[in-house]
Amino acid sequence: MSLDSPAALPPNTYDAEPIPPAARAEIERLLQSGDLFRYTTEASPVALLEQEFAALMGTRYALAVSSCSAALFLSLKALDLPRGARVLIPAFTFAAVPSSIVHADCVPVLCEVGTNYRIDLDDFAAKLGDVQAVMISHMRGHTSDMDAIMALCDARGLPVIEDAAHSLGTTWHGRIIGSIGKIGCFSFQSYKLLNAGEGGILISDDADLVARAVIMSGAYEHNWKKHGGHAPQDQADLEAAFARWQNKLPLYNLRLNNLSAAIIRPQLGEMARRVADGRRNHDHVAARLNQSPWIEVPEKLAPEERAPDSIQFNMVGMSDAEMLAFAAAAAARGVKVQVFGLSADNARAFWNWQFLGDIPALPQTRAMLMRACDTRLPARLQQPELDAIADALVAAAQDVMGNLRAYGT
Ligand SMILES: *Cc1c(COP(=O)(O)O)cnc(C)c1O
């Protein structure tokens, strides 16, 4: 095999899938007409995307916006939380999540996360008495125990927002993640399942919340009339809510544009395949990694069916120095590994969220982040590439820890 043969190269885990050709014709049409603003026409690509997405999720309403962060912010505003309201989130999430809470003039409260990347229910329950809302980040698609979370929140009448930015296609007891809480938010940023570069969408069955979010997203004057296409009762409920909120809410202008919607719509039909392929890829690599005495891939919870596009795993029995040596050895073997807690300024390490002021200690989440590794695993990868990634990771651990310790302890 020559050195420049493609098989000799490490797998490319960064490129996204090509955008389906159907998007190109629609983009050309939009460029010809200059019709890029969602409210120019009634059945705009953005409005159609909302209708198609709500149907796919089995919810009454969807609102497409400029990012998942915008959707999270609007969800908090739609709930009409008082200034300074406390919002409970898992401490393992992306910095944009507490940021959306700060943006909404609320205060993030962080709860501990276990070595399986899921919410620690004891800490969650302990902190629930002192919050006004809950935002569940299904970080990297890992679903916390939604049965327990909903029971605890329902008992206190606390609204639950699901941050399902990276969980599109995941189910819990067969129910789509993002449709369990009062509002669910998804991302169309390029590293997520549906790629428009940027974009987001929120879903809900609550007409009043959706009407508020629609207006605040920038449906000024009577542009809310262009949110149609619902079943008659859903439409009537929405219009009654719009009438209640006319002129009463600020406009934050977080709309999605038609070009983004045109890029996403043809990808909706690719979702099921991407989910199935991503799950197959993840489970294949997980089984290979679990054969290493130095690597542990946490199990999912029983009611969850995942839609992964990356894999997270914990290194066992390593010091910080050995963790860094492992990441370097993996990189030398062509696979990039991010150790959440050991890469400088990582946006998923809560101690870097200095904009929050005092950062709580959260020793359990910190310990997890110091040993948890992250490797991209896009749905388009084929088995030889998956095997190459798994082999490189197992060998990198062996490079650092050696065979002797593996079998001698
Ligand atoms: C990507 C991501 C976000 C932010 O999504 P944007 O569309 O980039 O704003 C929020 N939460 C999680 C868990 C994410 O993975």
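Remember, it's 1-based here, ligands and their atoms both numbered in the order they're listed.
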Query raised in the report: Looking at Y191, does the NZ or CZ of R376 lie under 6.0 angstrom from its six-membered ring centre and within 45 degrees of the ring axis?
Result: yes
Query raised in the report: Of the backbone atoms (N, CA, C, O) and the side-chain heavy atoms from C-beta on, which set of S69 has a member under 4.0 Å from an atom of ligand 1: side chain, backbone, both, or neither?
Result: both
**Report entry** Proximity to ligand 1 by part of E198, non-hydrogen separation under 4.0 Å
**Finding:** neither
So, is [X] polar-close to ligand 1, with some N/O to N/O distance under 3.5 Å?
| X | answer |
| --- | --- |
| K192 | yes |
| R140 | no |
| C68 | yes |

Query raised in the report: If only atom types and distance count, is the side chain of R212 paired as donor or acceptor with the main-chain N or O of A78 below 3.5 Å?
Result: yes
Query raised in the report: Would a distance-only check, ignoring hydrogens and angles, find a side-chain to backbone donor-acceptor pair under 3.5 Å from R118 to S144?
Result: no
Query raised in the report: What protein heavy atom is closest to atom 7 (O) of ligand 1, reported as residue, atom name and distance in Å?
Result: S187 OG, 2.7 Å
**Report entry** For atom 13 (C) of ligand 1, closest protein heavy-atom neighbour
**Finding:** D163 OD2, 3.2 Å
Query raised in the report: Can you list the ligand 1 atoms lying under 4.0 Å from a non-hydrogen atom of V97?
Result: 10 (C), 11 (N)
Requested in this report: Report, in ascending order of atom number, the atoms of ligand 1 lying under 4.0 Å from any heavy atom of S67.
Outcome: 7 (O), 9 (O)
Query - Residues Y220, Y39; criterion ring pair (Phe, Tyr, Trp, His ring centres under 6.0 Å); working and verdict - result: CA-CA 10 Å; Y220 59 93; Y39 290 132; 7.1 Å; no
Query raised in the report: Out of curiosity, is G199 lining ligand 1, as in a heavy atom under 4.0 Å away?
Result: yes
Query raised in the report: Minimum heavy-atom separation for P308 to H282, with atom names?
Result: CG-CB, 3.5 Å
Query - For the student: nearest non-hydrogen atoms of I180 and R175, plus distance - result: CA-NH2, 3.8 Å
Query raised in the report: Taking W224 as the fixed residue, which of W245, Y61, F242 is the one that meets the ring pair (Phe, Tyr, Trp, His ring centres under 6.0 Å) rule?
Result: F242
